[in-house]
Amino acid sequence: MTDALLPATPQPLEKEGDCYFRKGCNPLAQTGRSKLQNQRAALNQQILKAVRMRTGAENLLKAATNQKVREQVRLELSFVNSDLQMLKEELEGLNISVGVYQSTEEAFTIPLIPLGLKETKDVDFSVVLKDFILEHYSEDSYLYEDEIADLMDLRQACRTPSRDEAGVELLMSYFIQLGFVESRFFPPTRQMGLLFTWYDSLTGVPVSQQNLLLEKASILFNIGALYTQIGTRCDRQTQAGLESAVDAFQRAAGVLNHLKETFTHTPSYDMSPAMLSVLVKMMLAQAQENVFEKICLPGIRNEFFMLVKVAQEAAKVGEVYRQLHAAMSQAPVKENIPYSWASLACVKAHHYGALAHYFVATLLIDHQLKPGADEDHQEKCLSQLCDHMPEGLTPLATLKNGHQRRLLGKSHLRRAIAHHEESVREASLCKKLRHIDVLQEVLSAAHQRSRLKYAQHQEDDELLNLMDAPDIISKTEQEVEIILPQFSKVTATDFFQKLGPLSVFSANKKWTPPRSIHFTAEEGDLGFTLRGNSPVQVHFLDPYCSAALAGAKEGDYIVSIRDVDCKWLTVSEVMKLLKGKGKDDVEMKVVSLLDFTSSMHNKCATYSVGMQKTYSMICLAIDDDDKTDKTKKISKKLSFLSWGTNKNRQKSASTLCLPSVGVARPQVKKKLPSPFSLLNSDSSLY
């Protein structure tokens with residue numbers, strides 16, 4: 001006897017042309033998954049067009065005063081809304097098109113739900129990064145054309161990752177590269193003019209933001225989505241395949257949970273904290289379902305203790321799916337999550353609850369306590385199997401009394417049949433689930449099996465049996481848990497490492513332009529010492545030496561010597577260059593680090609079609625000395641508007657500081673509310 005859910009054979013991995021594409025990317029693979037993703041991208045464009053038309057019609061309706069025009073606009077608006085609703089239903093159909101993500105061979109299994117990848121628009125980094133390299137780093141930007149091209153190629157490859165570990169590694173490498181890019185080219189004092197646009201994977205609504213954090217968050221979401229697709233394509237007919245599926249869903253939950261905890265103010269519905277919490281629950285529930293399948297894979301022996309084990313495992317799966325369905329039914333998730341997902345969660349909750357009661361009924365009806373059996377062990381198992389015993393029954397007495405065992409077993413069968421009927425009803429109410437043939441077959445077969453067993457033990461006095469079956473206590477031998485993403489295992493090299501060590505040469509630091517220093521080392525004496533390690537600094541500079549007279553300063557960073565780049569060289573290597581070739585004349589280039597405190601405020605505007613517009617300002621503090629003597633006059637005229645910062649990020653709001661000009665600086669600044677204080681600055685940031 002076997003009640004295991006039989007898995008399918010894995011689909012062969014998509015082959016890639018290593019000569020043309022990066023490892024982990026295959027944009028030309030015309031599989032069902034890639035075609036589905038292309039349909040999703042086309043739908044996103046249609047939804048964007050419909051949303052824009054609706055916005056225009058609503059604005060015209062507000063502005064129009066002619067009654068005839070208003071009636072015509074209302075009619076047009078009704079057509080647009082109808083069209084938009086149909087597009088969203090079509091997108092929901094793609095989200096429940098789980099068949100293309102499963103294995104290709106026929107299998108008697110309930111499908112698992114994968115997440116679709118978020119789509120994005122092209123981004124041209126070249127102009128912005130070249131300008132910043134020239135302006136900020138004072139280097140020839142054309143020397144970095146290959147690095148910029150590599151970055152753009154990597155981003156393009158991440159739009160079509162392969163459904164395997166190589167694809168995950170590709171996305172992770174780009175995520176790490178974004179950290180380097182953010183530190184190199186995105187100062188906290190201004191926006192760079194790059195607009196990142198990503199489409200919501202559930203609603204198709206685009207979100208645009210001049211913030212690299214949107215890019216990073218979307219890549220994290222796609223890493224989690226890719227893990228779900230890997231989990232659904234695993235071979236669920238083998239032990240190794242089921243273990244891989246469990247691992248993939250746990251890793252997907254870990255990535256999505258990391259996204260929820262790291263980026264807390266995402267402007268996209270599918271990355272909101274409430275939605276991510278539900279998605280994490282869904283991944284863990286599917287991992288627990290795979291654990292149950294792994295236990296049932298060798299076959300379920302019709303033996304007392306084995307049936308106790310699988311009954312509690314099935315009850316555990318039913319419990320996590322009940323919790324998932326409850327979470328999906330709560331606002332605001334309920335309005336945005338596909339209805340078919342919530343329906344499938346409800347179907348699985350009833351289905352696995354029915355299996356649990358069926359297994360308990362089987363162990364009660366088919367097994368009698370025989371002489372020499374371990375009574376104590378069976379009594380303990382039965383007492384821990386249900387949350388209570390029906391009135392008048394005890395575990396040991398029930399085990400010894402065949403009539404009581406049959407009555408209690410049939411009560412569990414009635415509950416199993418009720419759960420089966422509810423799962424079939426829920427599946428029939430959802431249009432998308434009705435068209436999943438394998439789901440209908442699994443539910444129908446399980447329902448018929450319970451009804452057949454009940455009919456075999458039906459007696460004439462059945463109407464007198466009013467015993468209610470107790471609930472089954474869930475228990476599992478493998479509690480699934482979140483596996484956090486391990487970015488440290490992915491090797492990624494900074495594309496722009498030629499700019500110098502990131503600890504010094506970054507966007508949040510500012511230097512003077514490189515200065516050429518021509519000096520003479522008299523009898524091998526440079527007139528200064530060196531300190532630091534990549535890059536090397538001038539230290540203990542003699543103010544009367546040749547280098548100092550040529551313009552060198554204490555603390556200067558040496559960037560090149562005799563046209564040899566030395567930003568990555570150590571002290572000993574720089575010293576060899578300074579004293580090398582027996583020449584006394586030395587030519588080196590140095591830069592000086594400036595005390596960079598900008599009064600510029602950071603504006604971060606987020607625009608999402610179909611969503612509320614948000615505008616936030618992050619204010620940077622102006623470094624001032626509050627302990628300055630009151631009699632000391634301000635030597636420098638301050639700007640009329642000074643932008644301050646609030647140390648408490650959760651209560652941050654833009655403020656205007658109105659300093660006195662030409663009088664003593666007050667110790668306590670009086671802050672007036674900003675015109676933007678009504679806007680929550682965190683609403684558009686992570």
Side-chain angles (χ1 to χ4, degrees), residues 2-16 23-24 26 29-37 96-117 161-170 223-255 282-301 310 313-314 316-317 320-321 344 348 351-352 355 436-443 445-446 476-478 480-481 483:
T2 173
D3 296 287
L5 300 178
L6 301 179
T9 306
Q11 181 177 349
L13 295 179
E14 300 163 352
K15 297 183 179 180
E16 58 182 278
K23 181 181 179 181
N26 192 359
Q30 292 299 317
T31 62
R33 293 182 299 278
S34 61
K35 292 179 181 178
L36 186 67
Q37 200 66 22
I96 198 58
S97 297
V98 296
V100 298
Y101 291 99
Q102 316 293 322
S103 298
T104 55
E105 295 189 2
E106 296 288 336
F108 200 62
T109 57
I110 297 182
L112 301 172
I113 300 176
L115 297 179
L117 300 181
S162 58
R163 272 70 175 181
D164 51 24
E165 289 297 329
V168 173
E169 186 174 347
L170 176 70
I223 293 174
L226 197 57
Y227 270 127
T228 67
Q229 296 179 14
I230 293 174
T232 55
R233 71 176 301 182
C234 289
D235 184 359
R236 292 159 65 189
Q237 288 182 333
T238 65
Q239 198 78 7
L242 286 170
E243 290 176 356
S244 298
V246 172
D247 180 75
F249 284 116
Q250 289 181 123
R251 292 185 183 277
V255 173
M282 185 170 73
M283 298 309 125
L284 293 179
Q286 294 188 136
Q288 195 68 58
E289 184 178 1
N290 291 142
V291 170
F292 172 76
E293 292 179 351
K294 186 174 65 173
I295 293 172
C296 299
L297 183 63
I300 302 175
R301 301 186 308 276
V310 294
E313 289 284 351
K316 179 65 177 180
V317 180
V320 295
Y321 272 114
L344 185 58
K348 289 189 176 184
H351 174 71
Y352 286 102
L355 290 183
I436 302 179
D437 295 335
V438 65
L439 175 63
Q440 299 295 332
E441 292 173 4
V442 170
L443 298 181
T476 179
E477 67 176 19
Q478 181 181 347
V480 296
E481 57 186 9
I483 299 179

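Here the structure is a predicted model, which is why all the values come from computation and not from measurement. Atom set for the values below is all heavy atoms of this structure, side chains included, hydrogens, waters and symmetry mates excluded.
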query = If you take all heavy atoms of A252 and M283, which pair is closest and at what distance?
reply = CB-CG, 4.1 Å

inquiry  = Donor-acceptor pair, distance only, cut-off 3.5 Å: does the side chain of Q250 make one with the backbone of E481?
reply    = yes

ask   = Side-chain contact, heavy-atom cut-off 4.5 Å: K348 with L112?
value = yes

key: Closest non-hydrogen atom pair between V255 and G224, with its separation   = CG1-N, 3.6 Å

key: Least distance between heavy atoms, C234 atom then A245 atom   = SG-N, 3.7 Å

key: Side-chain donor/acceptor of Q288 to backbone N/O of V320, under 3.5 Å   = no

query = Is the F292 to Y352 ring centre distance short of 6.0 Å?
reply = yes

message = Any heavy-atom pair between the side chains of R251 and I223 that's under 4.5 Å?
response = no

request  = Say whether, by atom type as modelled, one donor and one acceptor occur between the side chain of E313 and the main chain of E477 under 3.5 angstrom.
outcome  = yes

note = Only one of Q239, Q478, E289 passes side-chain hydrogen bond (donor to acceptor under 3.5 Å, both in side chains) with K294, and that residue is Q478

request  = Mind listing the closest non-hydrogen atom pair of L439 and P111 along with its distance?
outcome  = CB-CD, 4.4 Å

query = Quick one: does L242's side chain get under 4.5 Å of D235's, heavy atoms only?
reply = no

inquiry  = Side chains of P161 and L117, heavy atoms from C-beta outward: is any pair under 4.5 Å?
reply    = yes

message = Donor-acceptor pair, distance only, cut-off 3.5 Å: does the side chain of R301 make one with the backbone of G299?
response = no

Check: L344 and I113 side chains under 4.5 Å, non-hydrogen atoms = yes

task = Compare all side-chain heavy atoms of K316 with those of Y321 and state whether any distance is below 4.5 angstrom.
result = no

inquiry  = Tell me the closest heavy-atom pair linking A253 and L284, and the distance in Å.
reply    = CB-CD2, 3.8 Å

remark   = Smallest heavy-atom separation, Q229 atom then G116 atom, equals NE2-CA, 4.0 Å

inquiry  = For the CG atom of L226 and the CD atom of E165, what is their distance to the nearest 0.5 Å?
reply    = 8.5 Å

Any donor-acceptor N/O pair, R233 side chain to R163 backbone, under 3.5 Å = yes

query = Is there side-chain contact between F249 and V480, with at least one heavy-atom pair below 4.5 Å?
reply = no

E243 side chain reached by N290 side chain, heavy atoms, under 4.5 Å = no

request  = With side chain to side chain contact (heavy atoms under 4.5 Å, CB included) as the test, would you mind laying out the steps for V438 and I110 before giving the verdict?
outcome  = CA-CA 7 Å; V438 65; I110 297 182; over 6 Å; no

key: Rounded distance [0.5 Å steps], CD1 in I230 versus CG in D164   = 6.5 Å

key: T228 side chain vs L115 backbone, donor-acceptor pair below 3.5 Å   = yes

